[in-house]
Every structure is written in C-alpha cells, then in structure tokens.
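To keep things clear, I will list the structure first and then write my remarks on it.
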There are 2 protein chains.
Amino acid sequence: MAGIKDVALRAGVSAATVSRALSGNGKVSPGTRARVQQAAEELGYVVSFNASSLASGRSRNIGVVVPTVSRWFFSTVLEGIAGELINAGYDLTLYDTGGQEQHRASVFSDLLLRKRLDAVITVTLKLSDDEVRQLASVDKPVVAIGGFIPDIATIRVDDFNTTTLLTEHLIELGHTRIAFLGGSEEFDVDFKLTTARQDGFEYALDQANLEVRPEWLLAANFTTEGAYRKIRSLLSMPRERPTAVVCASDEMAFGALMAARDSGIDVPGELSVVGMDGHDLSELFGLTTFSQDARSQGIWAVRKILELLGERALERDPTDGFYPTEFVVRSTTAPPARP
Amino acid sequence: MAGIKDVALRAGVSAATVSRALSGNGKVSPGTRARVQQAAEELGYVVSFNASSLASGRSRNIGVVVPTVSRWFFSTVLEGIAGELINAGYDLTLYDTGGQEQHRASVFSDLLLRKRLDAVITVTLKLSDDEVRQLASVDKPVVAIGGFIPDIATIRVDDFNTTTLLTEHLIELGHTRIAFLGGSEEFDVDFKLTTARQDGFEYALDQANLEVRPEWLLAANFTTEGAYRKIRSLLSMPRERPTAVVCASDEMAFGALMAARDSGIDVPGELSVVGMDGHDLSELFGLTTFSQDARSQGIWAVRKILELLGERALERDPTDGFYPTEFVVRSTTAPPARP
DNA sequence: CTGAAAGCGCTTACAG
DNA sequence: CTGAAAGCGCTTACAG
C-alpha cells in the first residue's frame, strides 16, 4: 500500500508538502499541489487515519450512542446522522447499548474515552452525574438528542407540551375516560421520556378536572407488541373501559390499534387513539399524532457538532428552543359514543 | 490524560512492560502485572487506539456497510453485529450508503480503504467486480450477509427455495391467480434479492403449469407504504383480481394487508397474503411467512470475521450452506373462495 | 512556498 | 521476565 513517502518521491517533493497539499492545511503552490494530487491518484494513495490522527490529534470520527437501533426514532435519527457525517467526510462509530447495563458501562469507560473520537452524539440517553463529569473531563464536544442533560447542547422536542395538547384534543372531543400508555420504569433507565410525556398527560387531565386513574396508566416499553398485549388485556376487562388512549409513541399506538381490531372494538367509534412521533406508517394507520422530524434532528446534531469542532457555523440554532413538531389530526380520533 | 509513561513511572517499570501487562501479549510476571494494572486503574489510563493501531497494525475496528438502517432486516442484523462486537471489544464503524450512488462510491474509495479497519461486513450489498478486486487487494477479511459474492464468505438464506415453497403453499391451497410483490430494478442496485425471490416465485408457478402474468408482477422497493399503494391500486382495478399475493418481505406484506383492509377485501377470504422475513410484527398481523433470524445472522458474521482475524475458531459454520429458515403458517392464507 | 526534523503514543523484535 | 530502542505513517512548528 502506497505511503506518503511514495507520493513524495513520485511528485518530487517532501512528505511535508504532500501532507499540506492533500490536507489543505498550509500553503502550497498550485503547480505543486497538482503534481502531488496526480501522484497520489496514480498510486491510489489514501492517508492513514491512525497516523494522521495520532500526529494531529484529530480523528474525523464521531461516536454515536443509541439505546437500540431497531425502533423508529433511533434508526431514523441515525440515518440523518450517518448521511450528514458522510457528507462531512467523518467516520461514524456506533455504540448500541442494547439497553444492557454492562454494555453501557463498557461503552463509557472503555470505548468512548479511548481517544479515537473527536466528539459524541448521544440519543435519548440518560447520563449519570458521574458520566457527565467523565465526558466533560475528556473535553470533547457532546450533543444530546432527546431529553435534557445539564451543560450539554441538546436537541429535543417538547415532550410535556405535545402530550398535553394531544390529551386536550381528546378532552375537547368530549372524552373523560382516557388511558395512557408509556414505558416502564425499567425502560426509563435510558431516559426520562416517559416521565415527561406522562406528566404532560396528567397535567391536561388535571386542568380539565378529570381524574387520573392508576389502573389506566399502562407501560409497554415502547414496543408495538407490548402495547398490543396491554391494550388487549385492558379491553378484555369486564369493567368500565376508557374511551380513548394516549400513547407515548406511534409504534405503541399501532399496537393499540391492532389490539382494538382484534378485540372487535371500533376505532374511533368506541375508542380513540393518539400517538406521538410521526412514524412513517402513521399515515397508513390513519393515526392522529404529533409528528417530529427525527431525521432532521440527526442532521442538526451533526451540524452542531461540526460547529463545536470549528468546522462550520450554524446559521440558525434549533437547540436554542425545542425542535419543531406538528400536530396531525387523522382518523383515529372522534367524539366518544354517547352511552 | 494519563499516558503509558505515567503508568510506567507509577508502577516502576518500563513502558514496554506496561504495554505487555495490559495487552496480554508477551510474558509478564504476575506481580508486575498486578502493579501495572493497579497503576493504570488509579490513573484512569486507557490506551490510545490510534497509537496502538499504528504501532501494531491492528485496529480492533470493523466496518459495517448497510444500504439503510431503517428497514427491519438491516436494523436487526446491525443489532446482532453491534452486540457481538461490543462483547469482543471491537469498535463498529457504520457506513450507511443510504441507497445513494455517490455515498457508495465514497464509502469504497475513501472510507473503507482508509486503513483504519481490520475487516468489513457488508449487508445485502451488490459489489462490482472492481469493488471485489479493491477489497481483495486491501487484503482484509470480508464477510457478506445476504446474497452471493464471489470469493467472499457469505451468510444468507435460500431466497429462491423459500419463495418457491411459499408459492407452492398457496398453490396447494388451490390458488391459481397469484401476484408477486418485489423490489424495483432501481432498488436492486443494492442486491439481487428481488431477482432470486422472483425467480423462485416464477419457478413454482411454472412447475404447476400456471401462467406468470406480467401485470401481476409488482415492485415496491421493500417499503410498507410502497406496497400499500401498489396493492391498493391492484385491488381497485375493475378486471379480474388475483386471489393471493406473494410479498418479497414482511414489511411489504403489511402494506398489502392494510391495502386489502382499506379496499374492503377480506383476508384470507378474498385474498391470501404471504410474506418473507419473520418480522417482529408478523405475528400480530397473523402473517404466513418464512422467518429468518436476522439478529443471529449478524452475530454469525461477527464470529466469522473474528475467526478470519484469528481471534477464535468457529464451532460450526453456518456459511457452509444456507442460513436456516422456518416456515410459519398463520391466518393470512386460506383456500380461495369458490366463485 | 518548501524541507528537515521532532514528535504523536504506542508495540515489538532484539538482547539480556 | 524485562528494558532500550526503533519504528508505525503521518503533521506541524521552525527555519529558510
């Protein structure tokens, strides 16, 4: 494999000049640059990242930490990040903690800090004070997507208010018996998502003087299958049923819809369902939801990182407030049937 | 940040000994090792990947190339890979080509060959002869998941035969008017998936002396939305309709099912639907399908790579044949209604 | 604008 | 089992 010396030899210059010509750092005369580029091309030379990183202290490599890659929000954010990073010529090192504590630990202590990364993007990750301190001590830029982390640039939607609005939509339609489907405590280890959304839900009920019924506060780990099971069993209860359910994610709402179908419950006639996300399939399901552009959030995170690395300046910074969302009313919500 | 010299100083040994004690390469007395580990721990020392890689020629970093991260098969395979790689202490560099030609090109010429990777796993990627040659010339292990690449270790299911069996299942039920839903030519740039599955479909029809009707050969890029649109318009045609449809992926089958629902067509009464994959949601949809364990395929790819890197030996090599699949009959298939 | 040289932080024959 | 030294392939002050 051709090295920098081979290129230097062929172009008739020093290795230092090759480095400058190819990297764009430092001044090189146009003629020299052309000869160097030509020589590099002919030899199929490509710089050694490791050597370059070691010498310069910059890796052109960004770490991305996600709880899982198989849920809509995460995979979509990841796609946004990956595309933008390729455009910028950066590598992406993926850390999928898989929700497992031990993986998380090794990600932090071993991998993230191994000095191979220029910066880190975390997605919906709850960091302990200790981890925040670790990150700070390494002195590398960090941008978080979803949720709030002290002293760290964050891109997130307004979980509290969007859920409040979704709930108010149902209340305005006349619903008074409303269930909530969120994540479990256990899932919450990754982030306080559920909490913020559930808080928003309870706030809306409270404002309308409606009672929060503990037996209608369900948890399903943000999976469609889990949601299906919970709603199926809820609907099979002989007792009074809710006339509407607020789901903390579209994927859970899909499960709720399928559960209603299999229970012979008409949506929206007998049950209204709202989601939260703007999943690609929400339109096919006719789901009323709050849509957020996950891909763009990933792109913004990369731009923010590049800005922090001094590669570019942000024109307008979406991290100054909440990331914009859009309320989409479709066909899964309607006034409750008159008893 | 503590370096190897700091650790050496604290432990009262040379840097060489620290390196040997921590890496496990070469002999070190137990006492020395303990002192070194203690010192490293106290200083929070973690080896510099870049320096280590440069000196040793090994990166402990595997490149993974996927066409997209937002489809079930890819994200599930990726999760398998990511988990197994973390267990092995390797980093994962993700290349999402996003189906865009220019990204693919830069992945190959710039990134993959940048000497920072020990090996590469490609997922459902069609490589040109030229690209295969490039990979071979770099002399790094490559394992491919899905599809066949000459001279490269491959993990894949038997696309032809599984689709044949799926189709025969419908024929045995009595169906004679069967449509096929695959990917478009354009999507096929990534791999010959569709082709193999469509070939299997046509072979089964042929064996049963049934006619392949060109107007019932549909393409939808493997997305649920695309499949929905195609099947919706197929079902709205005034002319004779098929009584069954073979979908080249479960995600497309979901779209077909939703299209049938919205068209007022009963499944399986008026239309039977089969998928291919064993998507997490196939059970909820009651879909008859061939299930493949995507996560395990990712895990196997990693094991194969580690074997090629000399890190471990495979007990039993699933790449010797096709990766096992399982035929799952559920409720979306039934005999056609008697006209 | 260009080159010689030092240095990035490790690993690994080589010698003992 | 351990250390001194060379070297991995670049980048970047420093000098000219």
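Letters A, B, ... mirror the listed sequences (proteins, then strands); counts begin at 1.
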> Thinking salt bridges, do A/D118 and A/R60 make one under a 4.0 Å N-O criterion?
Replying inline: no
>> How would you summarise protein contacts on nucleotides 11-16 of chain C per nucleotide, using B for base, S for sugar-phosphate only and - for none, with heavy-atom distances below 4.0 Å?
In response: SBB---
> So which nucleotide does D/dA13 pair with, by the Watson-Crick or G-U wobble rule with both distances under 3.5 Å?
Replying inline: none
Is a side-chain donor-acceptor pair under 3.5 Å present for [Y] with [X]?
X     : Y     : answer
B/N25 : B/S23 : yes
B/T93 : A/D91 : no
B/E41 : B/Q37 : no

>> Closest-nucleotide mapping onto DNA chain D: is B/S14 or A/L54 further toward the 5' terminus? I mean the 5' end.
In response: B/S14
Once you round it to whole Å, what is the distance between [atom2] of [N] and [atom1] of [X]?
X     : N     : atom1 : atom2 : result
B/D6  : C/dC8 : CG    : P     : 12 Å
A/K5  : C/dA4 : NZ    : P     : 12 Å
A/L22 : D/dG9 : CG    : C1'   : 14 Å
A/L43 : D/dG9 : CG    : P     : 15 Å
A/R35 : C/dG3 : CZ    : C1'   : 14 Å

> Only one of A/I81, A/L309, A/L306, A/V143 clears side chain to side chain contact (heavy atoms under 4.5 Å, CB included) with A/I62; which?
Replying inline: A/L309
>> For the C1' atoms, the ones on C/dG16 and on C/dT12, what distance do you get once it is rounded to whole angstrom?
In response: 16 Å
> Do the side chains of B/T97 and B/V65 get nearer than 4.5 Å, heavy atoms only?
Replying inline: yes
> Taking only side-chain nitrogens and oxygens of A/T32, does any of them come within less than 4.0 Å of OP1 or OP2 of C/dT2?
Replying inline: yes
